[in-house]
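So the structure is just underneath, and the comments pick up after that.
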Amino acid sequence: MAKNSPPSGGPRHVAIIMDGNGRWAQARGRPRLFGHHAGARRVREIVSACPDLGVDYLTIFAFSTENWKRTQTEVSGLMALFRRYIVKEMRDFVKEGVRVRFIGDRTRLDQPLQDLMDEAEAMTRQCTRINLTIALNYGGRDEVARATKRLAQDVANGRLDPESVDEETLPRYLDTCLLPDPDLVIRTSGEARISNFLLWQSAYAEYEFVDTLWPDFTREIFTDVLRSYGARERRFGAVTA
Ligand code: FPP
C-alpha cells in the first residue's frame, strides 16, 4: 500500500486525547507550556494528514472541565495558546478546507476567546474537506448534564413529549449533534483512561492507547494506528457468521 493511501475500511471519525505534553517538556528540562506549544504544532500536522487518510472528522481534546485545577500559569498559558492558535491558523484552515467547530461549555472561557471561536466557526462554515472539532472546556458528564437540562426545558415548555424520549433524543441536545459518533478514539502517552471524553458518543468506538507522547505523535504513527483499525472487525454487539 502506498505510504499515504487511505487504509481500507479506515475510520471516518477519529477522536484524540492528546496526552503527554507536560512529560515531553519535563524530559527536556522545560516548563509544561513548552510541551503544549509543541503539541499545538503536532495538531497542525495531524489535521493536514486527515484528508489523504480518509478521515472526514477529527475531534481533539484540548482542555477538559477538570483542567482548571492546574496552576494559574498553565491555565492562562493554555488560554493564550488557544487564542493565538485560532488567530494564526484560521486563514490556512480556510485555504485547506478545514471546517472548525468547538464543543464544550464556552461560558467559562474569556470573552476574547469566545469571540475568536465564533469567528473561526463562521469563517470556515463553507469548508468541506475535513471537519475539525476542538473540545474546549469539555467534559462528557458536563455535556450530558447540559443536554439534559435543555431537554427538560423542552418537556416543561411542552415542545417535547416525555413518552417520545428514546436513544435518539438525547444526542440531538449534545454539543456533537451535528457530528457522527467517533469510530476510533486514540489516547497518546500510554495512559489507558478515557477521562470524561465523548462518553455517550463512544459507546461503540474502538480505542487505541499509544505509548508515544503527543508532541512526538507523527503523521506516520497516526497512519499506522489507522491501519491497525482497518484490520479489525467491528460487530456493534452482533455476531458474524
Ligand atoms: C495533556 O497533556 C494536554 C493538554 C491538557 C492540553 C492539550 C493541548 C494541546 C495539545 C495544545 C494545543 C491544542 C490546540 C487545539 C491549539 P498533559 O499536560 O496532561 O501532559 P502530561 O500528562 O504529560 O502532564
Side-chain angles (χ1 to χ4, degrees), residues 14-50 55 57-94 96 98-106 108-110 112-114 116-121 123-124 130-140 142 175 185-198 209-219 221-222:
V14 177
I16 307 184
I17 302 172
M18 308 178 289
D19 196 13
N21 296 346
R23 275 164 285 168
W24 187 89
Q26 273 156 8
R28 286 159 180 76
R30 304 295 297 266
R32 297 175 57 81
L33 276 167
F34 182 71
H36 294 315
H37 282 264
R41 287 193 292 279
R42 209 49 98 176
V43 169
R44 188 84 201 76
E45 177 181 338
I46 297 303
V47 172
S48 299
C50 283
V55 176
Y57 293 86
L58 177 71
T59 300
I60 54 174
F61 206 177
F63 194 88
S64 77
T65 45
E66 289 74 35
N67 285 152
W68 297 106
K69 294 182 200 139
R70 296 187 175 203
T71 64
Q72 162 72 24
T73 310
E74 185 169 354
V75 170
S76 58
L78 273 167
M79 294 300 148
L81 172 62
F82 298 140
R83 285 193 298 271
R84 215 169 326 141
Y85 186 82
I86 296 172
V87 171
K88 188 165 156 272
E89 302 289 349
M90 218 31 62
R91 241 171 245 143
D92 283 349
F93 279 157
V94 172
E96 286 181 34
V98 181
R99 176 157 188 182
V100 179
R101 295 184 179 90
F102 294 92
I103 55 171
D105 181 1
R106 300 179 190 205
R108 201 173 160 189
L109 302 171
D110 64 51
L113 179 56
Q114 288 188 43
L116 284 167
M117 290 159 70
D118 292 342
E119 208 181 306
E121 287 181 330
M123 265 178 81
T124 62
I130 156 99
N131 292 278
L132 171 66
T133 303
I134 302 175
L136 247 181
N137 192 27
Y138 176 86
D142 177 68
D175 298 347
V185 180
I186 300 170
R187 183 179 187 132
T188 59
S189 94
E191 309 283 349
R193 288 192 296 274
I194 58 168
S195 299
N196 206 7
F197 191 41
L198 301 177
F209 299 101
V210 182
D211 274 339
T212 316
L213 303 175
W214 174 252
D216 291 327
F217 190 78
T218 59
R219 180 192 177 109
I221 298 173
F222 186 44

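One-based numbering, in listed order, for ligands and for the atoms of each.
Distances between N or O atoms of A40 and those of ligand 1 include no value under 3.5 Å. Polar contact check, N21 against ligand 1: a nitrogen or oxygen pair lies under 3.5 Å apart. Residue-to-ligand polar distances place D19 within reach of ligand 1: an N/O pair is separated by less than 3.5 Å. In terms of polar-atom proximity, defined here as any N/O pair under 3.5 Å, V43 makes no such contact with ligand 1.
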_Derivation and outcome, side chain to side chain contact (heavy atoms under 4.5 Å, CB included), residues I16 and W214_ = CA-CA 10 Å; I16 307 184; W214 174 252; 3.8 Å; yes
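Looking at residues two or more places apart in sequence or on another chain, you find no side chain to side chain contact (heavy atoms under 4.5 Å, CB included) involving R91.
R106 and D118 are joined by a salt bridge, as a carboxylate oxygen and a charged side-chain nitrogen come within less than 4.0 angstrom of each other. Between D92 and K88 there is no salt bridge, since no side-chain nitrogen of the basic residue lies less than 4.0 Å from a carboxylate oxygen of the acidic one.
For atom 20 (O) of ligand 1, the nearest protein heavy atom (residue, atom name, distance) is G22 N, 3.0 Å. Protein heavy atom in closest approach to atom 11 (C) of ligand 1: H36 O, 3.6 Å. Looking at atom 13 (C) of ligand 1, its nearest protein heavy atom turns out to be F82 CE2, 3.9 Å. For atom 3 (C) of ligand 1, the closest non-hydrogen atom on the protein side is M18 O, 3.1 Å.
Nearest heavy atom pair, residue V55 against residue I130, reads O-CD1, 3.6 Å.
When R84, R70, R83, R23 are ranked by how near their heavy atoms come to atom 19 (O) of ligand 1, first place goes to R70.
The aromatic rings of F197 and F61 sit parallel, their planes meeting at an angle under 30°, below the 60° perpendicular limit.
Atom CZ of R30 has 12 or fewer neighbouring heavy atoms from other residues, nucleotides or ligands inside a 6.0 Å radius.
Heavy-atom separations between A62 and ligand 1 include at least one value shorter than 4.0 Å.
Residue N67 touches ligand 1 through its side chain alone, judged by heavy-atom distances below 4.0 Å. By the criterion of a heavy-atom distance under 4.0 Å, the side chain of R32, and not its backbone, is placed next to ligand 1.
Taking 4.5 Å as the limit, some side-chain heavy atom of F63 sits within range of a side-chain heavy atom of L136.
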